[in-house]
Amino acid sequence: MGNDLPADPPADPEVLVIGAGFAGLYAIHRLRSLGFAVHGLEAADGVGGTWYWNRYPGARCDSESYYYCYSFSRELEQEWDWTERYPGQAEILAYLEHVADRFDLRRDISFATRVLGARRDEAAGRWVVETDRGTWTCRWLVTAVGCLSSANVPDIPGLDSFAGEWHHTGQWPHEGVDVTGRRVGVVGTGSTGIQAIPVLAAAAGHLTVFQRTANYSIPARNAPLSAAEAAGYKDDYAAIRAIQQASTNGHPFVVSDVDVLALPDDERRALFERAWERGGLRFRAAVRDVLTDPAVNETASEFIRSKIRETVDDAATAEALSPRDHPFATKRPPIDTDYFATYNQENVSLVDVRADPIAAITPDGVRLASGAEHPLDVLVFATGFDALSGPLLRLGIRGTGGVALADAWAEGAATYLGLGVAGFPDLFTITGPGSPSVLTNMPTSIEQHVDWIADLLVHLRAHDLTAEPTPEAQARWAEHVREAADATLLPQAASSWYLGANVPGKPRVFLPYAGGFARYRAMCDAEAQAGYPGLALR
Ligand code: N01
């Protein structure tokens with residue numbers, strides 16, 4: 001089905017939802033089912049969000065398919081068939097297109113409509129939203145713009161002069177990029193680079209990886225889902241969802257209570273070997289305290305380094321690929337298919353750009369500070385995103401008194417519960433900064449946020465109220481977010497995008513809430529049950 005613009009977009013809906021990915025689609029569905037006049041604005045010409053834009057080679061989800069999906073509809077759970085343990089980009093996009101059709105969501109979405117700004121009309125008590133296709137107003141503005149949708153392309157001198165083609169992985173051309181036999185460079189070895197590098201290496205004439213920070217990666221162990229496995233998950237959904245709701249990360253697995261430091265070396269090794277064989281994100285749940293006890297973390301970190309040494313033939317390359325500057329899982333841990341083994345291919349080389357930084361892009365390729373030249377035909381920036389706050393800031397939002405969100409957040413993003421911002425009445429931010437979001441399985445967090453916002457809007461509608469966080473509640477939440485991060489090893493990763501460290505000039509504030517999904521959900525529920533004491537309701 002196409003994504004035609006509605007012929008007559010409804011004038012002045014009650015709720016505007018910006019974005020039509022996992023969050024926006026569910027928000028439109030949920031709010032519509034509660035009787036709100038809701039409309040979606042989407043810059044792309046289709047649904048999908050992250051999974052619309054991220055079409056780079058190897059793009060695949062790191063959560064397993066049976067739980068990287070919505071839980072709000074039992075029928076949807078039963079009727080959709082995933083084909084692999086980890087769903088690829090095209091399959092997730094097909095799923096979201098199915099959801100849009102099944103719940104008839106497209107009729108309430110304007111596609112190819114980019115938000116250019118949103119300002120508060122205080123007299124009218126409404127938001128005025130400017131788009132490249134006209135102006136809208138609404139009573140409640142809900143952002144569903146994702147956490148990782150604002151591409152971070154490094155400002156390297158000479159990029160404009162490059163004679164080859166360059167692409168950021170988050171803005172990958174829909175027609176694909178033919179790298180067959182060509183000289184390809186990849187900058188970045190985060191989750192994205194680690195997924196793309198083996199796939200690019202299989203086709204490229206030569207692949208040069210420009211690595212600034214070595215990364216821990218666990219084998220994904222992707223495989224087709226057998227009919228029996230798929231049926232088993234469908235039968236077990238009630239239990240699976242219950243575990244997710246009670247979990248730290250919204251994943252349906254529990255963190256082991258094994259004290260790895262109490263184990264003899266051979267048992268410790270055997271335990272990690274089993275977790276390595278199982279693969280995936282649950283490796284970090286194989287023992288307790290990985291993210292809180294440096295000694296425990298080092299056992300996991302060193303095990304992974306030993307696997308890199310086992311896998312990579314050249315000892316110097318293995319050492320260069322071995323992370324030493326941050327503990328395992330303090331940056332989002334990637335999972336991979338043949339990532340480290342790729343460096344054994346003759347057509348692949350690794351360049352350490354921490355030791356010898358990229359100085360310039362030339363018409364021919366990349367020049368390092370030492371003067372070394374790397375000629376390239378294709379340059380791929382797997383350099384990540386201006387995370388969490390970036391997608392909101394680029395909406396150009398102005399709240400009470402015309403204050404720009406950018407100014408309100410000059411010292412770093414601050415929200416209440418990640419859901420709203422003081423000074424911005426009737427604006428609600430699905431998976432905003434200060435929410436567990438990126439530390440969790442995203443669909444789980446998205447559903448919780450949308451349900452919470454929907455309940456609040458029902459309350460506001462019933463009592464004819466506006467709502468915004470009180471400055472006091474927001475300040476308390478910022479402090480709690482900081483304490484929750486400081487109770488873990490997470491802030492130790494100096495170059496982490498969790499801290500905004502990947503974007504030059506971005507304030508260093510730990511952005512996601514690290515206190516755990518279940519605990520967070522309980523706090524959100526308590527806030528609602530108490531009549532929203534953290535919100536000024538007028
Ligand atoms: O981005 P990243 P990503 N010169 O920021 C390097 C999610 N995700 O797109 O670490 C040289 O993690 C940077 O180096 P450093 C997931 O949450 C999910 O890979 O800053 N290098 C780093 O190596 C993930 O965490 C999935 O020193 C530069 C890399 O680029 C998040 O998205 C798949 C540089 C960026 O890594 C972001 O991952 C993929 C420069 N100027 C991603 N600037 C699935 O679940 C940056 N780097 C499918």
Side-chain angles (χ1 to χ4, degrees), residues 22 49-51 53-65 67-68 84 86-89 91-93 146-157 159 168-172 185-197 208-218 220 222 249 251 280-281 321 323 325-326 329-337 339 350-361 366 368-369 379-388 390-391 431 437-443 445 493-504 506 511-512:
F22 259 103
T50 286
W51 303 102
W53 297 106
N54 283 266
R55 300 178 189 231
Y56 61 85
R60 189 175 287 289
C61 187
D62 291 345
S63 288
E64 296 185 41
S65 51
Y67 65 89
Y68 190 78
E84 292 180 271
Y86 301 95
Q89 174 269 331
E91 190 166 22
I92 304 171
L93 185 57
C147 299
L148 298 161
S149 53
S150 182
N152 175 38
V153 178
D155 187 14
I156 303 174
L159 182 56
H168 186 278
T169 48
Q171 298 166 340
W172 201 255
V186 175
V187 183
T189 51
S191 298
T192 301
I194 281 175
Q195 287 187 333
I197 284 163
T208 307
V209 177
F210 299 93
Q211 173 189 272
R212 188 163 69 182
T213 305
N215 219 332
Y216 300 96
S217 187
I218 309 298
N222 190 31
N249 299 106
H251 293 270
L281 289 174
L321 288 166
D325 66 345
H326 64 284
T330 54
K331 299 177 84 167
R332 157 69 151 72
I335 65 174
D336 69 274
T337 299
Y339 173 64
L350 179 68
V351 175
D352 178 354
V353 295
R354 187 168 303 280
D356 190 0
I358 298 174
I361 312 285
V366 166
L368 304 182
L379 181 54
V380 176
F381 288 107
T383 43
F385 302 90
D386 181 355
L388 286 117
T431 66
S437 58
V438 291
L439 298 177
T440 68
N441 179 49
M442 286 300 276
S445 277
S495 66
S496 165
W497 58 258
Y498 295 153
L499 272 168
N502 62 327
V503 176
K506 189 168 176 174
L511 291 163

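We use all heavy atoms of the structure for the numbers below, so side chains are in, but hydrogens, waters and symmetry mates are not. We count ligands from 1, going down the list as the structure has it; atoms in each ligand are counted the same way. On a predicted model such as this, the values are computed, not experimentally measured, just so you know.
At the shortest separation from atom 6 (C) of ligand 1 among protein heavy atoms lies G188 CA, 3.7 Å. Atom 24 (C) of ligand 1 has S191 OG, 3.6 Å as its closest protein atom, hydrogens excluded (heavy atom only). Of the protein's heavy atoms, G190 CA, 3.5 Å lies nearest to atom 36 (O) of ligand 1. Scanning the protein heavy atoms around atom 15 (P) of ligand 1, the nearest turns out to be T213 OG1, 3.4 Å.
Any N or O atom pair closer than 3.5 Å counts here, and R212 shares at least one such pair with ligand 1. Not one N or O of Q195 is nearer than 3.5 Å to an N or O of ligand 1, by distance alone. In terms of polar-atom proximity, defined here as any N/O pair under 3.5 Å, R332 does make such a contact with ligand 1.
For atom 10 (O) of ligand 1, the candidate residues are K331, R354, H326; the nearest heavy-atom contact is made by K331. The heavy atom nearest to atom 45 (O) of ligand 1, out of those in V209, T189, T383, D62, is found in D62. When the heavy-atom distances from atom 12 (O) of ligand 1 to Y498, W497, F210 are ranked, the shortest goes to W497.
With a 4.0 Å cut-off on non-hydrogen atoms, Y56 touches ligand 1 through its side chain and not its backbone.
A donor-acceptor pair under 3.5 Å is absent between the side-chain atoms of N215 and the main chain of P334, judged by distance alone. In this structure, the side chain of K331 does not engage the main chain of G190 through any donor-acceptor pair within 3.5 Å. Judged purely by atom type and a 3.5 angstrom limit, T383 uses its side chain to pair as donor or acceptor with the backbone of N152. Looking at D386, its side chain never comes within 3.5 Å of a backbone N or O of S150 through a donor-acceptor pair. In this structure, S65 contributes its side chain and E84 its backbone to a donor-acceptor pair below 3.5 Å.
Near A382, meaning under 4.0 Å from one of its heavy atoms, ligand 1 places the atoms 29 (C), 30 (O), 35 (C). Counting the atoms of ligand 1 from 1 in the order shown, those under 4.0 Å from a heavy atom of L148 are 7 (C), 17 (O), 31 (C), 32 (O). If you number the atoms of ligand 1 from 1 as listed, the ones under 4.0 Å from a heavy atom of R60 come out as 44 (C), 45 (O), 48 (C). The T192 neighbourhood of ligand 1 comprises atoms 3 (P), 9 (O), 19 (O), 38 (O), 39 (C), 42 (C), with distances under 4.0 Å to a heavy atom of that residue. Interface of F385 with ligand 1, defined as ligand atoms under 4.0 Å from a residue heavy atom, comprises 9 (O). Ligand-side atoms of ligand 1 in range of P154: 41 (N), range being under 4.0 angstrom from any heavy atom. Ligand 1 places these atoms under 4.0 Å from at least one heavy atom of V187: 4 (N), 11 (C), 21 (N).
Summarising the geometry of G170 relative to W53, their closest heavy-atom pair is O-CB, 3.2 Å, with the distance given to 0.1 Å. Taking both residues in full, the closest heavy atoms of H251 and N441 are given as NE2-N, 4.0 Å, listed atom of the first, atom of the second, then distance. The two residues H326 and A214 come nearest to each other via the heavy atoms CE1-O, 3.4 Å. Nearest heavy atom pair, residue P87 against residue S63, reads CD-O, 3.6 Å. In terms of heavy-atom proximity, Y86 sits nearest to R60 at O-NH1, 2.8 Å.
Annotation: side chain of T208 is not in contact with side chain of V186 (no heavy-atom distance under 4.5 Å).
Distance CD1/I335 to CG/L281: 5.0 Å, rounded to 0.5 Å.
The closest approach between any non-hydrogen atom of I358 and ligand 1 is not below 4.0 Å. Remark: distances from the non-hydrogen atoms of Y68 to ligand 1 are all 4.0 Å or more. Residue W51 places a heavy atom under 4.0 Å from ligand 1.
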